[in-house]
Amino acid sequence: MTVSALGTRVERQPLARYTTVGVGGEAEIWFVETLDGLHEAVQAPYRIIGAGSNLVIHDSGVPERVIRLSGPLAKADLTPDPGLSDPVNGLIVTGWVGGGTPLPGLLRKLQALGWSNLEGTVGIPAQVGGAVWMNAGTRFGEMFDGLHTLEIVTPQGVRHITPDDLNWGYRNSDLPRNHIVSRVRLKLQQSTPEEVQARMTHADDARKGQPKMKTPGCAFKNPGGVSAGMLIDRAGLKGEQIGQARIAPEHGNFIVNLGGATAADVLGLLRLIRGRLAPALDVPLELEYEIWPEEAAADLR
Ligand code: FAD
Ligand code: EPU
């Protein structure tokens, strides 16, 4: 372990520890806790990692430093901002929520407060910054339903933007790569804990068929609103296995790690699916997973 000039902990570690599928070689990880620390960290080639729940990282790792938001940048200040909130109309605009805050724990707090708008994202094992960057969601709602302000860090500095500044959509925030979502203010609507819980339960019910093993979630975006999982299922590909990676028998769009899977095993399955479905589709399936480094799977883009 080393410490940077501004006190950031820097450690070389396997990225497999920081991805939900549990694959990925080594990189230098910067555990950044402050905006000054972020400014320092982005002065050399970098990547930003959240909960690693949409990443397949090559077995040889990545050469860039990998930033992980920690400490205060992974905590949420849910105090309503008096200047921005409107209690008469039940509008709550929160204090700053760090981009490294785990989304599931945040949703539990919002439910207890009876604050609505983000409950459709229940069950997504992301950090706030990663969920914003992808505009993660389900058919019951998405991250941009509850965003007021985004604080963005790049090598050029820090700036504040609103969702209206972005052309966001399905699984896409429109934020350029490596624009770090350091913090956000949430925009929520006063409801009751019971109502928020009921909507969370309803959204969570749609996950009952998803596998419980190590996975980076859905591999491909749904083409034109059709379930990619259903297409993969109909093509008879569920259960196909390469090395220790398998197309989940429960849901065709999930690839799971049976134990010692490598990135190469996962990429092999992605190529198998794309190739097998290509003749039936006008446009090839678009990857939802992100592959690091990108050159490892240029053919899948
Ligand atoms: P990572 O996977 O770490 O990174 C993904 C991308 O976000 C990378 O480009 C990374 O650089 C960028 N990023 C991360 N943090 C930041 C930041 N602070 N600022 C800027 N960019 C950043 N997704 C859905 O949309 N809906 C679902 O229902 C869903 N279900 C899932 C279920 C399971 C079991 C799993 C494992 C995944 C699921 N996912 C789902 C996929 C995944 O959770 C989302 O894509 C999520 O947005 C990824 O967030 P993350 O924090 O893990 O980001
Ligand atoms: N289906 C099959 N076979 C399968 C998978 C699905 O026939 O193997 C059928 C289901 O029976 C259902 C339909 O396809 O009739 C839709 O399935 P599901 O409800 O699972 O939704 P999905 O469109 O496959 C999307 C998201 C998930 C999200 C769920 C629930 C995408 C790519 N996937 O899946 O998001 O959790 O809805 O809202 O948009 C993710 O993005 O990583 C992810 C997991």
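Just so you know, ligand 1 is whichever comes first in the structure, and atom 1 is the first atom listed for that ligand.
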Ligand 1 atoms in contact with Pro125 (distance to a heavy atom under 4.0 Å)
31 (C), 32 (C), 33 (C), 35 (C), 36 (C), 37 (C), 38 (C), 43 (O)
The option among Arg139, Gln210, Glu250 carrying the non-hydrogen atom nearest to atom 28 (C) of ligand 2 is Gln210
Looking only at protein heavy atoms, which one is nearest to atom 47 (O) of ligand 1, and how far off is it?
Gly130 O, 3.2 Å
Using heavy-atom distances only, which candidate in Ser227, Ala203, Pro223 approaches atom 17 (O) of ligand 2 most closely?
Ser227
Is there a donor-acceptor contact under 3.5 Å linking the side chains of Glu142 and Asn135?
yes
Is there at least one pair of N or O atoms, one from Ala51 and one from ligand 1, spaced under 3.5 Å apart?
yes
Nearest non-hydrogen atom to atom 6 (C) of ligand 1 belongs to which of Met213, Arg68, Glu290?
Glu290
Which atoms of ligand 1 are found less than 4.0 Å from any heavy atom of Thr138?
28 (O)
Is it true that the NZ or CZ of Arg68 lies under 6.0 Å from the centre of Trp30's six-membered ring and within 45 degrees of the ring axis?
no
Looking only at distances, can you tell me whether any N or O atom of Tyr170, backbone or side chain, sits closer than 3.5 Å to an N or O atom of ligand 2?
yes
Filtering Ile48, Val56, Leu103 for the heavy atom nearest atom 16 (C) of ligand 1 leaves Ile48
Is there a polar contact, in the sense of an N or O pair closer than 3.5 Å, between Gln210 and ligand 1?
no
Using a 3.5 Å cut-off on N or O atoms only, is Val181 in polar contact with ligand 1?
yes
Would you please say whether a donor-acceptor pair under 3.5 Å links the side chains of Gln13 and Tyr18?
yes
Among protein heavy atoms, which sits nearest to atom 5 (C) of ligand 1, and what does the distance come to when rounded to 0.1 Å?
Leu55 CD2, 4.1 Å
Just jot down the ligand 1 atoms closer than 4.0 angstrom to any heavy atom of Gly137, in number order.
24 (C), 25 (O), 26 (N), 27 (C), 28 (O)
Can you find an N/O atom of Gly123 closer than 3.5 Å to an N/O atom of ligand 1?
no
Considering the heavy atoms of Asp233, write down every atom of ligand 2 situated less than 4.0 Å from one of them.
2 (C), 3 (N), 4 (C), 7 (O), 8 (O)
Could you list which atoms of ligand 1 come closer than 4.0 Å to a heavy atom of Gly217?
33 (C), 35 (C), 36 (C), 37 (C), 38 (C)
Short N/O distance, under 3.5 Å, between Arg207 and ligand 1?
yes
Decide whether an N or O pair under 3.5 Å exists between Gln127 and ligand 1.
yes
What protein heavy atom is closest to atom 2 (O) of ligand 1, reported as residue, atom name and distance in Å?
Asn54 N, 2.9 Å
Going by distance only, is there an N or O of Asn135 that falls short of 3.5 Å from an N or O of ligand 1?
no
Counting heavy atoms only, which of Ala126, Gly99, Ser182, Pro102 comes nearest to atom 46 (C) of ligand 1?
Ala126
Does any N or O of ligand 1 fall below 3.5 Å from an N or O anywhere on Leu69, backbone included?
no
Less than 3.5 Å between some nitrogen or oxygen of Phe254 and one of ligand 1, yes or no?
no
Donor-acceptor side-chain pairing of Gln210 and Arg207 below 3.5 angstrom
yes
Flag Ala136 as yes when one of its N or O atoms lies below 3.5 Å from any N or O atom of ligand 1, and as no otherwise.
no
For atom 52 (O) of ligand 1, the protein heavy atom that lies nearest, with its residue and separation:
Ser53 OG, 2.6 Å
